[in-house]
Chemist: 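Dumping the structure here so I can ask a few things about it.
Both ligands and their constituent atoms are indexed starting at 1 by order of listing. All values derive from a computational prediction rather than experimental measurement.
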Amino acid sequence: MSLQACARLVTLEGGEGAGKSTVLAALRATLEVRGHEVVCTREPGGTPLAEQIRDLLLNTPTGGAQHEPPSADTELLLMFAARAQLVRETILPALQRGAWVISDRFTDASYAYQGAARGGDAGFISTLERQVVGITPGLTLLLDVPVPVGLKRARGRGAADRIEGEHEVFFERVRAAYLQRAAGEPRRFRVVDASLDIDAVSTQAVAHLQAHMDALP
Ligand code: Z5A
């Protein structure tokens, strides 16, 4: 089964503290000014059931009798379970009625985190992508920031969740995997220098979205 490219599905990827939340708001405004319906979502999560799965993934108890971190396979399958729900409940219906969808993270995150950083099998992830997700974004903006810079920003916000608590080496693997994916799919990915101030990051991202829109038939 091949993946269906969806021009109006735009995804934001990157490491911690890259500025995805801020950029997402700027992209949304850009599309709305042009009169488009925009559905914004995030992963893992984005529907009531998928948000429950997010909670299982990110907020597992870290001590006491309830301490049971998910295995790497469990983590991967829960990511895809949440994604399957989001695609069917939210993303496909929105695309089918002509809306744009902006997702804070999508399948590329599973390749970077569960694949490259956790050591999961990329072939299995690709099978899940084709069998369970079935679609791929028309535009993916990779907000790239050096790991120490991003972690400092993210950790400045307070307590880290289970994945945010990983070591710097883990996030270096995530960053390298994202950059490798971007290099491998230059038509879909645009890499944004997210080490700049947030206004400059948003400006770059918006310019890429406008170019993508202008190139559509
Ligand atoms: N995950 C996975 O493992 N596999 C998957 O398939 C998927 C996800 C889909 C989601 O948690 C976690 O799930 C994530 C990957 C994993 N794990 N981690 N770690 P999340 O949604 O809570 O985490 P996140 O996506 O990494 O969110 P984030 O750290 O909040 O990143 P962000 O949205 O890009 O950052 P932000 O909220 O816009 O900014 C963070 C702070 O930095 C904030 O105080 C900003 O004001 C500041 N900031 C941002 N940009 C700048 C610039 N340019 N200058 C100065 N300050 C800035």
Side-chain angles (χ1 to χ4, degrees), residues 11-28 40-47 50-51 53-60 69-87 90-91 102-120 122 124-126 128-129 132-133 136-137 140-175 177-178 181 192-206:
T11 57
L12 287 167
E13 299 284 358
E16 313 337 282
K20 295 187 303 301
S21 316
T22 311
V23 166
L24 189 144
L27 298 182
R28 173 182 216 150
C40 293
T41 190
R42 68 169 181 181
E43 279 223 58
T47 79
E51 287 290 327
I53 298 172
R54 177 189 177 90
D55 199 43
L56 287 174
L57 278 160
L58 301 183
N59 301 322
T60 43
S71 73
D73 285 340
T74 306
E75 184 178 274
L76 173 65
L77 292 169
L78 284 175
M79 290 292 176
F80 271 93
R83 184 165 300 130
Q85 194 67 13
L86 179 68
V87 167
T90 303
I91 295 181
I102 310 174
S103 187
D104 183 342
R105 299 194 184 280
F106 199 56
T107 312
D108 292 300
S110 292
Y111 284 99
Y113 284 80
Q114 283 66 51
R118 285 264 191 257
F124 182 49
I125 297 174
S126 170
L128 288 171
E129 180 180 26
V132 174
V133 182
T136 189
T140 297
L141 298 173
L142 172 57
L143 306 193
D144 180 57
V145 65
V147 170
V149 175
L151 284 180
K152 192 171 171 207
R153 288 178 189 162
R155 288 177 179 165
R157 284 177 314 191
D161 64 38
R162 187 179 58 81
I163 297 179
E164 280 169 350
E166 289 288 347
H167 297 290
E168 212 163 301
V169 175
F170 178 92
F171 295 110
E172 291 289 2
R173 286 191 212 122
V174 168
R175 184 184 184 206
Y178 271 133
R181 290 185 69 70
V192 172
D193 180 357
S195 65
L196 302 174
D197 73 70
I198 193 65
D199 289 342
V201 175
S202 290
T203 302
Q204 287 180 66
V206 165

Chemist: Nearest heavy-atom pair of Leu151 and Glu168: which atoms, and what distance?
Modeler: CD1-CG, 3.9 Å
Chemist: Counting from 1, what ligand 1 atoms have a heavy atom of Gly19 closer than 4.0 Å?
Modeler: 32 (P), 34 (O), 35 (O), 36 (P), 38 (O), 49 (C), 50 (N)
Chemist: Is there a donor in the side chain of Thr140 and an acceptor in the side chain of Thr11, or the other way round, less than 3.5 Å apart?
Modeler: yes
Chemist: Establish whether atom 45 (C) of ligand 1 and some protein heavy atom are separated by less than 4.0 angstrom.
Modeler: no
Chemist: Looking only at the side chains, is there a donor atom on one of Asp193 and Ser195 sitting less than 3.5 Å from an acceptor on the other?
Modeler: yes
Chemist: Looking at every heavy atom in both Arg118 and Ala72, which two are closest together, and how far apart are they?
Modeler: CD-CB, 4.4 Å
Chemist: How close does the nearest protein non-hydrogen atom get to atom 16 (C) of ligand 1, and which residue and atom is it?
Modeler: Ile163 CD1, 3.9 Å
Chemist: Closer than 4.0 angstrom: is that true for some heavy atom of Gly14 and an atom of ligand 1?
Modeler: no
Chemist: Grab the two heavy atoms, one from Glu166 and one from Arg155, that are nearest each other, plus how far apart they are.
Modeler: O-NH2, 3.1 Å
Chemist: So between Arg118, Met79, Arg54, Lys152, whose heavy atom ends up nearest atom 2 (C) of ligand 1?
Modeler: Met79
Chemist: Looking only at protein heavy atoms, identify the closest one to atom 53 (N) of ligand 1 and say how far it is in Å.
Modeler: Leu196 O, 2.9 Å
Chemist: Is the closest N or O pair between Val201 and ligand 1 shorter than 3.5 Å?
Modeler: no
Chemist: Relative to atom 4 (N) of ligand 1, which among Glu43, Gln114, Arg83 owns the nearest non-hydrogen atom?
Modeler: Gln114
Chemist: Taking all atoms of both residues into account, what is the closest heavy-atom pair of Leu143 and Gly19, and its distance?
Modeler: CD1-C, 3.8 Å
Chemist: May I ask you to identify, for Arg42, whether its side chain, its backbone, both or neither come under 4.0 Å of ligand 1 on a heavy-atom basis?
Modeler: neither
Chemist: For ligand 1, note which part of Leu58 has a heavy atom under 4.0 Å away: side chain, backbone, both or neither.
Modeler: side chain
Chemist: Looking at ligand 1, does any of its N/O atoms fall within less than 3.5 Å of an N/O of Gly17?
Modeler: yes
Chemist: Using side-chain heavy atoms (C-beta onward) and a distance below 4.5 Å, is Leu76 in contact with Tyr113?
Modeler: no
Chemist: Is there side-chain contact between Asn59 and Asp161, with heavy atoms separated by less than 4.5 Å?
Modeler: yes
Chemist: Heavy atoms only: which of Glu75, Glu13, Arg105 is nearest to atom 25 (O) of ligand 1?
Modeler: Arg105
Chemist: For atom 40 (C) of ligand 1, what's the nearest protein heavy-atom neighbour? Residue, atom name and distance, please.
Modeler: Arg157 NH1, 3.5 Å
Chemist: I need the contact type for Asp197 against ligand 1. Using non-hydrogen atoms and a strict under-4.0 Å cut-off, is it side chain, backbone, both or neither?
Modeler: backbone
Chemist: Specify the protein heavy atom at minimum distance from atom 13 (O) of ligand 1: its residue, its atom name, and the distance to 0.1 Å.
Modeler: Pro44 CD, 3.7 Å
Chemist: I'd like to know if Glu166 contacts ligand 1, where contact means a heavy-atom distance under 4.0 Å to any ligand atom.
Modeler: no
Chemist: Measuring from non-hydrogen atoms of Leu24 to any atom of ligand 1, is the shortest distance under 4.0 Å?
Modeler: no
Chemist: Among all protein heavy atoms, pick out the one at the shortest distance from atom 36 (P) of ligand 1; state its residue, atom name and that distance to 0.1 Å.
Modeler: Ser21 OG, 3.7 Å
Chemist: Quick one: do the Thr74 and Ser71 side chains pair a donor with an acceptor below 3.5 Å?
Modeler: yes
Chemist: Given Glu16, Arg153, Glu164, Lys20, which has its nearest heavy atom closest to atom 32 (P) of ligand 1?
Modeler: Lys20
Chemist: Could you tell me which non-hydrogen atom of Ala117 sits nearest to which non-hydrogen atom of Val174, and how far apart they are?
Modeler: CB-CG2, 3.7 Å
Chemist: For Thr22, take its heavy atoms, then give the atoms of ligand 1 lying under 4.0 Å from any of them.
Modeler: 38 (O)
Chemist: Provide the number and element of each atom of ligand 1 under 4.0 Å from a heavy atom of Ser110.
Modeler: 5 (C), 6 (O)
Chemist: Here's one to test your reading of the geometry: is the NZ or CZ of Arg181 within 45 degrees of the ring axis of Tyr111 and under 6.0 Å from its centre?
Modeler: yes
Chemist: Before giving the answer on side-chain contact (heavy atoms from CB on, under 4.5 Å), spell out for Thr107 and Leu128 the whole-Å C-alpha distance, their side-chain angles and the decisive distance to 0.1 Å.
Modeler: CA-CA 10 Å; Thr107 312; Leu128 288 171; over 6 Å; no
Chemist: Between Ala109, Ala117, Ala18, which one has a non-hydrogen atom sitting closest to atom 7 (C) of ligand 1?
Modeler: Ala109
Chemist: Pick out which of Arg105, Arg83, Arg54 makes a salt bridge (charged side-chain N to carboxylate O under 4.0 Å, His left out) with Glu43.
Modeler: Arg83
